[in-house]
Structure formats: C-alpha cells, structure tokens
Amino acid sequence: MELSTRYSPADTEARWYAHWESRGYFRSVPDDREPFTIVIPPPNVTGVLHMGHMLNNTIQDILIRKARLDGKNACWVPGTDHASIATEAKVVRWLREEKKLRKADLSREEFMGYAYQWKDKYGGIILEQLRKLGASCDWERTAFTMDPSYYRDVIRMFVDLYGKGKLYRGLRMVNWDPEAKTVLSNEEVIYGEEQSQLFHIHYKKQDGTDGVVIATQRPETIFADVAIAVNPKDARYKALVGQTVLIPLINRPIPVIADDYVDIEFGTGALKITPAHDQNDYEVGQRHGLEIIDTITDDGRMSEACTYQPIVGKDRFEARKMMQPALEASGNLVKIEDYHTNIGRSERTNTVVEPKLSLQWFVKMQSLGEPALKAVLEEEIKFYPPSFQNLYRTWMENLRDWCISRQLWWGQRIPAWYYTQNGQELVFVAETAEEALAAARRETGLADLQLADLRQDEDVLDTWASSWLWPISVFDGFEKPDGEIQYYYPTNVLVTGWDIIFFWVARMIMAGYEFKGRRPFESVYFTGMVRDKLRRKMSKSLGNSPDALKLLEDFGADGVRYGLMSSASAGGDILFDEKLCENGRNFCNKLWNALRLIKGWQQTDTAETEADARRNALAIRWMREKFSTVIAEVESDFKSFRISEALLGLYGFIWDDFCSWYLEMIKPGFEKPVDKPTYEATLDLFSDLMVALHPFMPFITEEIWHQLRERASGDDCMRQRYPKAGAFDKAFLERVETAKDVISKVRELRNANRIKPKDPLRMAVLDGESARALLAESGWQEMVVKLAFLSDLQPAEKDLPNSKSFISGTDQFFVEFQEKIDVAAELAKLREEVEYQRGFLRSVEAKLNNERFVGSAPAPVVEAERNKQADALARIAMLEESMRKLEQE
RNA sequence: GGGCGCAUAGCUCAGCCGGUUCAGAGCAUCUGCCUUACAAGCAGAGGGUCGGAGGUUCGAAUCCUUCUGCGCCCACCA
C-alpha cells in the first residue's frame with residue numbers, strides 16, 4: 001500500500017478510538033493485578049471542552065495509559081458535576097430567552113423538569129469531546145453528581161455529619177448574591193478594585209447643630225444605621241460619646257458609641273454602624289447589644305424597613321443615585337470623593353455581593369481540617385509541585401465553617417424537615433421523609449402526624465458538598481463499603497488545576513478521612529492555567545481561547561497533546577501558542593515518514609558487504625543501549641510526574657538519534673536492499689518506540705504499530721508492555737557520541753567552506769585514539785563523509801596542504817579539502833580556540849595550586865581537575881601544531 | 001496589612017539538597033541545501049558575566065543577607 005507523504009490524523013483517530021472501545025480496553029474490573037486509579041475532575045455537566053480540560057485530561061490519559069502498559073489494572077472514572085449554581089444560572093437564562101419563562105413563575109417540580117431537559121440536551125457533550133482527545137476512560141463507569149445513587153450518598157453524608165454534631169444551622173453574616181438569590185461561600189466571591197465614591201454625610205444632633213460627619217460608600221444604607229462609632233481614644237469625639245444624633249432624611253435618633261475597632265486616622269474617624277449590611281458592623285453591633293435593621297431584600301432592593309419612602313422598592317444602586325440629591329437638599333451632604341476600593345462580586349453572576357444575615361447550614365471545619373492538614377504536611381498525600389503545600393497550609397490553618405446551603409433548586413435538597421410546635425421549631429434530619437416523620441411522631445408524641453405537617457427545607461446543597469465525595473461515591477463507597485472501593489480506593493493520583501485547591505482538593509481530603517478514614521489519593525498533580533501569549537488567562541469574554549475542537553481538527557489529537565505537554569511543567573502556567581501544536585503535528589509527520597522510509601526498503605538475506613554488516617550491527621547495538629538510558633529517564637520522570645520532560649526525552653531520541661542518525665546509518669544505497677536482520681531489528685525497535693510514546697500520542701503510535709507488521713487480532717500497541725530499561729555500556733555510548741561529534745565537525749567545516757553536498761570532500765583524514773577504535777570497528781568513516789585515518793596514509797599523503805584540524809574530546813582530527821581554504825580565517829579561529837584553552841588551563845591550575853582546594857576537596861574532584869589540566873595541555877599542544885602548519889604556507 | 005513564590009539566551013522554561021550532563025532545551029534568528037522518508041524537511045551557526053550588591057566556601061546559577069522588579073494567595077478600614 002502506498003503511504004501518503006503526510007500523516008493525516010483524521011483518517012486514523014476515530015477508527016482507532018472505536019477499535020479500542022469496542023474491544024473493551026478501557027474497561028476495568030477488579031482482579032488480581034495492582035490497581036491504578038484516577039477519578040476525573042468532573043466538568044460541569046453542560047460544559048464544553050476548553051484548553052484547561054484538554055490539558056488536565058491529556059495528563060490523566062498519559063498516566064492511565066502508562067499504567068496500563070506497565071501491566072496495572074488502570075481505571076479512569078469519568079463523569080460530570082451538576083454544578084448547581086452555574087448550571088441553574090444557565091437554565092434560568094435559557095428559560096428566559098428561549099421559553100420566555102421566569103423562574104419565579106415556575107414551581108420547583110416544573111423548574112427541575114426543564115433543568116433535566118437542558119441537562120439531557122447539553123449534558124455529556126464534553127464527555128464526547130474527551131473521546132476525540134483520546135481519553136481512555138472507563139465509560140461504563142460514567143458518574144454524575146446527581147445520579148440517584150450519588151444523590152443518596154450526599155444525603156447520607158449530611159445526615160452523618162449532623163448526627164456527629166459536625167453540621168449545624170445558624171444565623172450568620174453571609175455573602176448574598178441578589179441576582180441568583182442565594183448565599184455564596186467566601187471562595188465564590190471575587191474581589192476586584194473598582195472606582196467608587198465616598199460620601200461624607202453629616203449626622204446632626206437633635207438640636208440641629210454639630211453632630212458628626214461620617215464617610216460611606218453606601219449612602220443608601222444609612223437607614224439601617226443603629227449607631228455611630230468612634231474610637232474611645234479619639235479626643236475629637238470624646239464629648240459626643242453617649243449622645244444621640246439623627247439619621248438624615250428620616251431623623252431617627254441613634255447613639256454615638258465608642259469602640260476600639262474604629263480607626264482614628266481613617267476618614268473622619270467616625271463610623272456608621274450598620275449591622276445588617278456589613279460583617280464588621282455586625283460584630284460591633286453584637287458587642288454593644290445593638291438591634292439589627294435589615295433594609296435590603298433578597299433581590300437587592302430597598303425594603304419598607306428603611307422607612308425612607310422615595311427609595312423603598314428601588315434597586316440598591318438606583319437608590320444610591322437618589323441619595324445624592326436628597327442629601328444635598330436636606331443639607332447633610334458635606335462632600336463626595338472619588339475612591340478606589342475592593343468590591344466583591346459573585347463568581348457566577350458577577351453581581352455585587354451583599355453581606356447579609358441569613359439562616360444557613362454550616363459544616364464545622366475544625367475536626368475535619370486537622371487530619372487533612374496533617375496528611376499533606378507529612379506527605380501522606382504528596383503534592384506536585386510541592387510548593388502548593390504552603391498555599392494549602394495557610395488555608396487549612398485558617399478554616400472557617402463552611403456554609404453548605406444554597407437557595408437554589410438544582411442540587412441535592414437538604415434532608416431537614418421542620419415542624420412547629422407551640423411556636424418552637426423542631427428540626428428532623430433524616431435520609432428519607434418517612435424517617436423524618438417517624439422521628440417527628442416520636443419526638444412530638446403526635447402519632448397521627450402526617451408528612452404534610454412537616455415542611456422540608458427548601459434549600460439545596462453547595463455543589464462542592466457533593467463533589468467532595470467524588471473519589472468515594474463513584475465506587476459506591478457509602479452503599480457498599482466492602483465492594484470494589486476496597487480495590488480502587490485510595491486512588492493513585494488526582495490531576496487538577498490549583499485554582500480549585502480549596503474548593504475541591506482540600507475538601508476531598510477532608511471527606512476522605514472523615515468518611516473513609518483514609519486518604520482519597522496518594523498524589524495530587526496540579527496543572528497550571530492555560531494562558532495566552534500575553535499571559536492572560538484564557539476566557540470567553542476575552543475571546544483569546546482557541547476553539548478546542550478546531551485545534552483537534554487542525555493538528556490531530558496527538559499533535560495537540562504534544563503541544564500541550566511539551567510546555568507543561570507541573571503547576572506552571574502554559575503560555576499557549578498554536579505553534580506548539582504545529583510542532584506536535586510535525587512530529588507526527590516525522591514518525592510517519594520514518595515509517596514510509598522503512599516500509600519502502602527491499603530486503604535481502606545478508607548484507608552487501610562485511611562493512612555494512614558490521615556497521616548495522618553496531619548501529620542497532622547503539623540504538624538499543626541508548627534506548628535503555630532513555631527509558632530509564634522516562635521512568636524516573638514519571639515517578640516525579642515530570643511528564644513534559646519524559647515526552648521531550650523521547651522526542652529527542654526519536655527525532656535525532658533514531659531518525660537523523662540511526663536510519664541514515666542503516667539506510668541502504670539507492671535501489672539497494674537492506675539485510676533482513678537489520679530490517680527486522682529496525683521494525684522491532686520502531687515498535688518499541690511506539691509503545692514508549694504511546695501514552696503521549698496514542699493514535700499515531702497505534703497506527704504505526706499496525707503498519708509496521710501484520711499483527712494478530714488483539715495485538716495492539718496500547719495492550720503492550722512498556723519497554724524495560726536494559727543494560728548499557730557507558731563507555732561504548734560515549735565513543736559513539738565522539739564519532740557523531742567527528743562527523744558533525746566535518747560537516748561544519750564543509751558548511752563553513754561552502755563545499756556543496758553534491759561535491760563531497762575528496763577525503764577527510766582523521767586521527768585519534770578512542771574515536772579511531774570505534775570508527776574502525778564500525779566502518780563509520782565510510783558513512784556520511786569519506787574519512788581515512790591519518791596513520792593509515794602513505795607518508796606522502798600525510799602532508800596536508802589544505803587541511804583543517806579540530807579537536808573532539810582528546811582526539812585531534814584533520815580534514816582535507818579540495819578547495820583552497822581561507823588560511824587567515826582559519827588561523828584566527830585557532831588563535832581564539834587556543835586562547836580559550838589557555839584561560840581554561842589557568843583556572844584549572846589556579847585550583848590545583850591552591851593548597852586549601854587540594855586539601856579539602858574530595859579526591860575525585862581533585863582527580864577530575866588533574867585530568868582537565870592534562871587534557872587542556874594536550875589540546876593546546878595540538879592547536880599550536882596546527883597553527884604552525886598553517887603558518888608555513 | 002499578612003504570607004508564598006519568581007527573576008537563567010530575543011521568547012518560554014529546565015538545571016538550583018554546592019565541584020564535567022553546568023551554563024542547557026524548545027521556539028525564534030542567521031547560513032547553506034527542493035540530497036533517492038519527510039521543506040510540516042535536512043546540515044550547520046551565532047546568542048546568556050544565570051536581576052543588582054554583599055556574604056559563607058578551596059569552589060556559588062545552586063546556600064545566606066539585602067535591594068530592585070514582577071506574580072500569586074489570604075485579609076480588608078468605613
């Protein structure tokens with residue numbers, strides 16, 4: 001079959017993926033092999049593939065495929081996250097725009113119906129896209145955080161924590177998203193510097209005089225004020241403490257109090273206290289026993305409680321605008337300053353977050369955090385790169401209770417039922433409504449109590465309160481603790497972005513110890529962020545993110561995988577450039593053409609000449625031994641998750657050593673055959689290279705594997721065993737490098753003297769001890785350039801009127817050219833070289849003459865310096881000899 | 001304000017538990033080649049006093065101090 005000069009991934013990728021999948025190669029069931037488990041960081045169920053997904057899933061696939069080739073039972077569990085707030089926001093928008101429906105007009109059941117419609121339509125798209133990338137997930141295990149069994153586990157978790165007293169309901173100041181009308185965790189609030197205004201407002205005393213001026217960015221909240229606070233040490237306001245001032249416009253009297261919290265230096269030194277709308281004010285209010293007046297509704301409007309009628313019902317920002325003219329008119333506005341400040345916005349809706357008092361469910365983090373922190377600090381769970389331990393530690397040492405209730409519908413509904421008896425609210429937390437009812441009957445003594453008498457909590461759980469169970473629940477670890485979770489748990493490695501270290505990684509660790517008593521994974525590999533060339537994070541709004549699917553089409557999955565991995569050190573950001581994928585595509589093409597070359601060779605039983613046979617045997621030996629060293633590197637790179645290094649090592653070996661040197665060495669002459677032993681050895685070698693490269697570039701390696709030989713059914717590249725690093729002879733490998741170096745040097749001379757390739761050197765003459773042995777043994781001097789050994793020449797030929805010399809290692813070489821060479825230029829070069837060598841010698845001798853060096857440095861180091869000295873002396877002698885020869889002309 | 005990290009070739013980075021893998025890789029640049037696998041290619045070359053200044057040491061890109069310039073995390077003052 002004729003092979004095209006270009007490799008076309010489109011033809012092969014879909015075919016091989018279907019082949020692998022139909023053969024069940026991705027499937028894992030427990031057996032007696034060692035397991036290797038990864039659970040995917042579940043993408044948002046309605047998400048689409050972006051660069052970040054491609055990066056971390058490529059890494060996971062590499063690790064999984066490597067483990068499979070290492071003979072382990074590799075299990076990669078895929079799945080999706082219901083992503084409560086993000087998905088609900090999308091569904092709400094979809095309903096509004098497509099169905100002309102408002103969430104407020106729908107019942108919970110109706111809304112959930114639509115949400116599932118949406119999920120059925122868009123959910124799982126991303127999993128399909130992962131297949132295009134080559135992800136070898138066990139698709140039969142595909143999980144979803146709202147699957148019935150998963151849902152049940154989340155409920156169990158809630159009941160369990162409640163029973164252990166690690167979960168409570170309380171009124172706390174929370175971050176409120178007035179658009180999504182839900183509470184947000186601290187991590188879901190994004191702070192950014194924004195332009196604002198500082199209003200200086202005069203609160204007058206009841207007699208209409210004096211009073212105090214305060215500064216605020218939020219004049220619309222003055223109606224929720226319950227006091228003015230000053231620092232007790234502030235002389236300016238001493239007299240005022242204990243007196244009463246009036247809130248402008250509504251003239252409600254409030255006291256002036258003293259509290260250390262107030263900064264004398266800042267603003268006017270007087271602070272309005274608004275406990276309902278500010279965390280710190282809330283705390284000050286608690287200290288002084290002040291009341292709380294909440295003037296902002298759940299959707300961010302001014303409520304009746306603010307009592308200033310013109311702004312009641314208005315949006316908080318609109319109300320703010322109305323305050324300026326109103327305060328001016330009443331004579332309370334002193335001035336307005338422009339002001340830079342940090343404003344917190346909702347990660348999901350981008351709305352300005354409102355601090356608000358709210359009754360929510362919280363997880364007590366103290367006892368959960370301790371083992372989780374210990375595990376990482378003591379490296380029972382290893383982080384790659386380890387520097388993320390610091391970030392983790394600072395967070396874990398400052399844990400605050402985790403608010404896990406959300407005022408949404410899309411999620412696991414909180415399993416708490418309420419019954420009001422004699423004005424007192426009783427709470428029943430249970431896995432099912434029936435159990436709650438039974439408990440309610442017991443506790444109230446009302447045997448005829450019905451379900452309808454109980455009211456279930458309306459809220460659902462934070463999405464992270466379900467995904468923190470991921471490594472347990474995907475193996476049904478709550479329902480069947482003695483089932484296959486025993487085999488797969490703890491998982492081996494988690495691959496994820498460091499941006500969710502708190503949201504997810506830390507919490508999975510806590511859940512692992514809390515619910516399983518063990519770590520959820522042995523290692524965590526943190527990927528960096530994928531950024532553009534300007535270091536900007538890739539985002540939809542910037543439009544700087546390449547279309548992932550288009551990339552796969554343009555460069556092939558292998559090309560993209562190469563591109564992403566070639567510059568992805570653990571934790572380091574990737575400055576993505578399509579150029580990287582182009583390199584990957586080019587590499588595929590290189591492999592493809594190596595295949596074409598080999599497949600095009602005629603074969604013969606034995607080599608044409610003895611020299612050919614010797615050379616080929618030597619070349620094969622060299623490849624095998626060097627391959628051993630490369631595999632050893634790859635293995636050690638994998639151990640420390642230096643995946644990028646492993647790939648680049650193989651890349652260099654394949655491109656430079658295998659293609660540029662080895663294939664050129666054994667390549668038969670035009671229309672000449674290659675001997676069968678060499679041919680077979682080359683196919684074997686190439687096959688091994690494909691297996692070694694397979695984890696990184698699965699498609700092309702599988703394709704070439706099958707092109708190289710007829711393979712029996714089931715004899716696929718991805719089913720092989722990874723090549724083992726064998727023995728190698730270091731001295732031999734070094735001699736080969738010297739020989740290569742000689743040839744490179746000759747090429748350099750030819751290049752510099754513009755001797756065309758078609759016009760080869762008449763003769764290159766060389767001499768040197770170690771290189772000589774190798775070159776003689778191999779017949780390599782016949783290879784790329786015609787070389788002969790100086791000592792083999794007749795005396796007359798030794799006179800080299802037109803020669804150049806160079807040094808490689810400790811050997812000196814001469815090359816003769818037909819053309820007259822530029823003697824002056826050559827002399828200048830030699831002079832430069834001799835100067836360098838003399839400088840080098842001086843530094844070496846300075847060390848050797850230093851008694852303290854000779855006395856205190858270890859013997860091998862001193863010995864090495866002595867060798868350097870001898871080498872340098874020899875080189876200088878040779879160079880001077882060459883210069884004398886040139887000067888004679 | 002508290003903490004962490006980074007600074008090495010034009011660009012992106014590796015090396016960093018001191019001493020021949022020590023000044024490296026890829027990309028970019030330059031030179032010469034459409035040579036019978038591949039121009040998505042081949043053969044070569046140039047380019048860095050390892051951010052500045054001190055210190056420890058026989059010896060520092062590597063350890064310490066400090067300065068400068070970046071980046072990130074946490075907290076957040078009205």
Side-chain angles (χ1 to χ4, degrees), chain A residues 3 5-7 186 191 198-199 214-218 221 229 261-263 265-274 278-281 339 341-342 344 385 387-395 397-398 498-499 501-502 533 535 555 559 566-569 571-575 577 579-580 582-601 642 644-645 648-649 651-652 659-660 663-664 667 669-672 743-745 747-752 754-758 784 843 846-848 850-858 860-862 864-865 867-868 871:
Chain A
L3 297 175
T5 61
R6 305 257 165 105
Y7 169 66
N186 288 331
Y191 288 90
L198 203 55
F199 289 72
I214 58 91
T216 180
Q217 294 177 64
R218 304 196 57 190
T221 64
Y261 167 70
V262 181
D263 183 349
E265 305 295 320
F266 192 90
T268 63
L271 172 64
K272 76 197 218 32
I273 299 300
T274 320
D278 184 280
Q279 174 72 44
N280 294 305
D281 289 10
Y339 190 66
T341 187
N342 277 332
S387 54
F388 282 107
Q389 281 178 5
N390 281 326
L391 185 60
Y392 181 82
R393 196 187 63 232
T394 52
W395 196 72
E397 284 173 348
N398 297 288
W498 55 261
D499 54 332
I501 187 169
F502 308 137
K533 281 179 268 186
R535 287 189 185 276
F555 301 105
S566 64
S567 68
S569 60
D573 289 350
I574 291 194
L575 272 57
D577 185 340
K579 183 84 193 162
L580 297 168
E582 211 175 300
N583 296 150
R585 182 196 60 184
N586 294 354
F587 185 37
C588 288
N589 209 44
K590 187 73 181 173
L591 294 170
W592 189 248
N593 277 291
L595 171 72
R596 288 181 59 230
L597 173 69
I598 296 167
K599 295 297 280 183
W601 287 338
R642 295 152 53 95
S644 174
E645 301 287 316
L648 293 176
Y651 174 89
C659 292
S660 296
L663 290 180
E664 292 297 333
K667 185 155 91 176
F670 187 54
E671 305 267 285
K672 294 267 178 65
I743 292 166
S744 291
K745 286 279 184 9
R747 285 170 176 163
E748 180 188 342
L749 291 175
R750 183 173 65 185
N751 218 341
R754 303 183 186 263
I755 298 165
K756 294 193 171 155
K758 278 184 177 170
V784 179
S843 75
K847 277 189 199 173
L848 289 170
N850 184 335
E851 280 167 28
R852 290 200 287 175
F853 170 73
V854 180
S856 49
V861 173
V862 177
E865 292 298 317
N867 289 337
K868 282 191 208 171
D871 289 354

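Here is the naming used below: chain letters follow the sequence lines, and residue numbers restart at 1 for every chain. A quick note: this is a predicted structure, and the numbers were derived from the prediction, not measured.
Between C38(B), A14(B), A78(B), one nucleotide has an atom nearer to the side chain of Thr5(A) than all others, and that is C38(B). Residue Lys590(A) places its side chain closer to G41(B) than to any other of G41(B), A43(B), G19(B). Nearest nucleotide to the side chain of Leu575(A), out of C42(B), C58(B), U12(B): U12(B). The side chain of Asn593(A) lies closest to A37(B) when the candidates are A14(B), A37(B), C77(B).
Rounded to whole Å, the C1' atom of A7(B) lies 35 Å from the corresponding atom of A40(B). Between the C1' atoms of U21(B) and A14(B), the separation comes to 12 Å (whole Å). Look at the P atom in both U65(B) and G26(B): the space between them is 36 Å, to the nearest Å. Comparing the C1' positions of G71(B) and C63(B) gives a spacing of 24 Å, expressed to the nearest Å. Nucleotides G47(B) and C30(B) place their C1' atoms 11 Å apart, quoted to the nearest Å. Spacing between A23(B) and G18(B) at atom C1', rounded to whole Å, works out to 15 Å. Between U20(B) and C13(B), the two C1' atoms lie 23 Å apart (nearest whole Å). Comparing U57(B) with G51(B), their P atoms are spaced 23 Å from each other, to the whole Å.
Within 3.5 Å, a donor on the side chain of Asn342(A) pairs with an acceptor on the base of C76(B), or the reverse. Between the base of A43(B) and the side chain of Glu664(A) there is no donor-acceptor pair shorter than 3.5 Å.
Distance Phe388(A) CZ to C74(B) P: 13 Å, rounded to the nearest Å. If you take CG of Asn589(A) and C1' of C42(B), they are 14 Å apart, rounded to a whole angstrom. Rounded to an integer number of Å, the gap from CG of Asp263(A) to P of G1(B) is 13 Å. In this structure, CZ of Arg218(A) is placed 15 Å from C1' of C77(B), rounded to the nearest angstrom. Nucleotide G2(B) holds its P atom 15 Å from the CG atom of Asn398(A), rounded to whole Å. As a whole-Å value, the separation of Arg6(A) CZ from A37(B) C1' is 13 Å.
In terms of modelled atom types and a separation under 3.5 Å, the side chain of Asn398(A) and the main chain of Thr394(A) share a donor-acceptor contact. Judged by distance alone, with hydrogens and angles left aside, the side-chain atoms of Asp278(A) form no donor-acceptor pair with the main-chain N or O of Thr274(A) at under 3.5 Å.
Along RNA chain B, the nucleotide nearest Leu648(A) and the nucleotide nearest Gln217(A) are compared for position; the residue whose nucleotide lies closer to the 5' end is Leu648(A). Taking for each of Asn586(A) and Val262(A) the nucleotide of RNA chain B with the nearest heavy atom, the 5'-most of the two is the partner of Asn586(A).
Ring geometry for Tyr7(A) versus Trp592(A): interplanar angle of 30 to 60°, hence tilted.
Among the protein residues, Tyr392(A) comes within range of no part of the nucleic acid, since none of its heavy atoms lies under 4.0 Å from any strand. Using a 4.0 Å heavy-atom cutoff across all strands shown, Cys588(A) reaches no nucleic acid atom at all.
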For RNA chain B, the dot-bracket pattern of Watson-Crick and G-U pairs whose distances stay under 3.5 Å, | for other-strand partners: ((((((((.[[[[.)...(....]]]].(((((.......))))).....[[[[[..)....]]]]])))))))....
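Under 4.0 angstrom from either OP1 or OP2 of C77(B) there lies at least one side-chain N or O belonging to Asn280(A). Between C73(B) and Tyr191(A), no contact under 4.0 Å exists linking OP1 or OP2 to a side-chain N or O. When the side-chain nitrogen and oxygen atoms of Ser660(A) are compared with OP1 and OP2 of A43(B), one or more of them lie within a distance under 4.0 Å. Taking 4.0 angstrom as the limit, Arg642(A) places a side-chain polar atom (N or O) nearer than this to OP1 or OP2 of G15(B). Phosphate proximity of A40(B) to Arg585(A): absent, as no side-chain N or O sits under 4.0 Å from OP1 or OP2.
The stretch residues 265-274 of chain A comes close to RNA chain B through Phe266(A), Leu271(A), each having a heavy atom under 4.0 Å from the strand.
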Pairs under 3.5 Å (N/O, protein and nucleotides 4-6 of chain B):
residue, atom, partner, partner atom, Å
C4(B), O3', Asn390(A), ND2, 3.2

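Glycosidic conformation at U36(B) (O4'-C1'-N9-C4 for purines, O4'-C1'-N1-C2 for pyrimidines): anti, more than 90° from 0.
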